[in-house]
Amino acid sequence: PSMATLVATLEHGLARRRRIVLTAAFASVIGLAAAIALSPRPAAGPSCDAVGRQLDEAWDAGRAAQLRTALIATARPHAPQTAARVAAIFDDYAGRWRAMRADACRATHQDGRQSAELLDLRNTCLDHRRAELGALVSQLSDTPDGEAVDRAIDAARGLPDLAVCADAASLRAAVPMPVDPILRQAISEVTTALARVAATESLGRYAEALVAATAAVDAARATGHTPVIAEALARRGDLELRLSRFDEARAPLEEAARAAAAAHDDRRAAQIGELLVYVVGSGQRHPQEALAMQPLVDTLLRRAGDPTDLRVSYMADVAGLMMDAGDLEGARSRLEEALAIAERDLGPESGKVADLLGNLCSLATLQGRWKEASDLQQRNLAIAEAIYGHDHPHIASVLHDGAQILVRQSRYADAAPLAERALDIRVRMLGDDHPSVDATLQTLANIAVGRGDREIPPAHLVSLLARAERS
């Protein structure tokens, strides 16, 4: 079907779903009095106080101690601080998981306000989230290296949103798990494997993750269960994207989109739509084709409830396509709108806000709006330091970007402290042979030349000459 037909079909489905919800709500009001009068008090069910302990195998005090020991053993200087920040993120996630598990149990077994069917749906969703948390904890505790420590905070912050597991409408709309226990077990094994793939990907081990994702696609197909097929294909496509294999990414993502639609998994369909816009527009360099996908992706986002994280990521992708097409003012307007939405819904200090500030900073630099770029960079730095601490490699990247912006303004005296601090962090945290150190030394050399210094600082000169000889 044409894109217009597909969009119209999706819009019709959205409107039909709203009519069904309204009709059901009206019917429930009609029968409310009778329900109150005739329904018996719910029978006493099992205790729900201990259900949260089902997470203990994935995360508890023992696992936290194991993670800290493993990260520190990598000898990354920032490992102790990173371990503490990651543990705090996991503690918060685990606390919310346990609270949701207990609430789901009480809603059915104690309050009688939720069906056994919905309890099963919520628990299945939470089981999936538990597997994803456990897989990430295991990778960070069992086989960490320096790069894993560098990525650990982002990986922890990237755990899937738990709120989805409380969205009754979405859970009911999706294709349910089969009744057959053997098939359910097979599907569970695939989702557990995909949780390991997600953890591997989040730590930057893309080639390794792609091998496992490809095997998971085959296993998912064998189950015939469209939700897990969509998830496996989407994961494979995302990994191809991260390896910059854009042609290889497109086919699995398009198939994943069809599978997600068949599974009535609106959020996943919207995620895949956003990825396809990036793959087609920025990866394959077909910006007009990608921009023509906007009505479809907008429809998918509305069907998914317009989640803020997906909406602003998609808006940033579209802004990037506008920049490539030369529409810098249009891109700026789109990014500023996305920033306002992220600040309103996610908070002014969220990581998504920092990402958008970085995008706006790059655009301001491209347009020669140097003062604005510096201000945006400073705000980005403040948020980054709150998330990562003051000595994380990510902070060095932000500092180095800020120094380069100032160099372009010939503000060498202001640029020098930023570049010096970036160099100090990179040498201490990554080692003086890390490639990023070269870039920082070159920036410091440019600053020295720009200031008219009679000589480059000796320490920097020695490092540059040593690198030149190795090259």
Side-chain angles (χ1 to χ4, degrees), residues 59 63-93 132-133 135-159 196-210 238-239 241-244 349-352 354-355 357-358 377 380-404 418-441 443 467:
W59 182 252
R63 293 292 274 165
Q66 183 183 1
L67 180 142
R68 175 177 172 80
T69 299
L71 295 188
I72 291 175
T74 65
R76 270 290 201 262
H78 65 91
Q81 293 77 25
T82 292
R85 290 175 182 274
V86 169
I89 295 170
F90 287 161
D91 283 342
D92 175 71
Y93 195 85
E132 289 161 330
L133 171 62
L136 181 55
V137 172
S138 292
Q139 293 240 2
L140 287 171
S141 301
D142 300 342
T143 57
D145 54 17
E147 186 176 359
V149 179
D150 296 342
R151 293 174 176 267
I153 292 174
D154 286 337
R157 293 175 64 244
L159 283 168
R196 291 194 293 269
V197 171
T200 305
E201 178 180 354
S202 70
L203 297 179
R205 301 165 180 169
Y206 302 139
E208 176 187 345
L210 180 58
D238 187 43
L239 283 160
L241 183 161
R242 291 182 183 276
L243 290 166
S244 299
E349 308 303 319
S350 72
K352 189 66 72 175
D355 292 342
L357 289 170
Q377 189 273 342
N380 186 6
L381 176 62
I383 296 173
E385 288 181 328
I387 293 172
Y388 299 95
H390 294 279
D391 283 337
H392 191 277
H394 180 83
I395 301 302
S397 297
V398 178
L399 288 164
H400 187 243
D401 290 345
Q404 290 183 311
L418 299 185
E420 291 280 6
R421 185 181 164 200
L423 179 65
D424 175 64
I425 293 173
R426 284 173 165 168
V427 169
R428 285 189 296 109
M429 300 299 153
L430 303 175
D432 62 6
D433 59 345
H434 194 273
S436 65
V437 173
D438 292 359
T440 318
L441 284 167
T443 297
R467 281 166 167 71

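All values reported here derive from a predicted model rather than from experimental measurement.
At a threshold of 4.5 Å between non-hydrogen side-chain atoms, the residues Gln66 and Asp142 count as touching. At a threshold of 4.5 Å between non-hydrogen side-chain atoms, the residues Arg76 and Leu71 do not count as touching. Contact of the Leu239 side chain with the Glu201 side chain is registered, since non-hydrogen atoms from C-beta on lie closer than 4.5 Å. Tyr388 places none of its side-chain heavy atoms less than 4.5 Å from the side chain of Arg85. Considering only heavy atoms from C-beta on, Asp391 stays 4.5 Å or farther from Gln81 through its side chain. Counting heavy atoms from C-beta outward, Ser138 and Arg63 have side chains that approach closer than 4.5 Å. In this structure the side chain of Ser397 reaches within 4.5 angstrom of the side chain of Arg426, judged on heavy atoms. For the pair Leu430 and Ser436, the minimum side-chain heavy-atom distance is below 4.5 Å.
A pairwise comparison of heavy atoms in Leu140 and Val86 identifies CD1-CG1, 4.3 Å as the closest pair. Residues Ile383 and Ser350 share a closest heavy-atom pair of CG2-O, 3.8 Å. Of all non-hydrogen atoms in Thr443 and Ala419, the two that sit nearest each other are CG2-CB, 4.4 Å. Of all heavy-atom pairs between His394 and Ala384, the closest is CD2-CB, 3.9 Å. Scanning all heavy atoms of the two residues, the minimum distance from Gly402 to Leu418 falls at C-CD1, 3.8 Å. The shortest heavy-atom contact between Phe90 and Ala156 is CE2-CB, 3.6 Å.
With rounding to the nearest 0.5 angstrom, the NZ atom of Lys352 is 12.5 Å from the CG atom of Leu357. Rounding to the nearest 0.5 Å places CG of Leu203 at 6.0 Å from CG of Leu136. For the atom pair Thr82 OG1 and Asp150 CG, the distance stands at 7.5 Å (nearest 0.5 Å).
Using a 4.0 Å cut-off between charged nitrogen and carboxylate oxygen, Arg421 and Glu385 count as a salt-bridge pair.
Under a 3.5 Å cut-off, the side chain of Arg151 and the backbone N or O of Ser202 do not form any donor-acceptor pair. Counting only distance, with no hydrogens or angles, the side chain of Thr74 and the backbone of Ala70 share no donor-acceptor pair below 3.5 Å. When atom types are taken as modelled, the side chain of Gln377 and the backbone of Val398 share a donor-acceptor pair closer than 3.5 angstrom. With His78 contributing its side chain and Met429 its backbone, the two residues share no donor-acceptor pair below 3.5 Å.
Side-chain polar atoms of Arg205 and Thr200 form no donor-acceptor pair below 3.5 angstrom.
Counted within 6.0 Å of CZ on Arg68, heavy atoms from surrounding residues, nucleotides or ligands total 12 or fewer; the atom is thus considered open.
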Evaluate His392 against Ile153 for side-chain contact (heavy atoms from CB on, under 4.5 Å), listing each step before the verdict. CA-CA 10 Å; His392 191 277; Ile153 292 174; 4.2 Å; yes
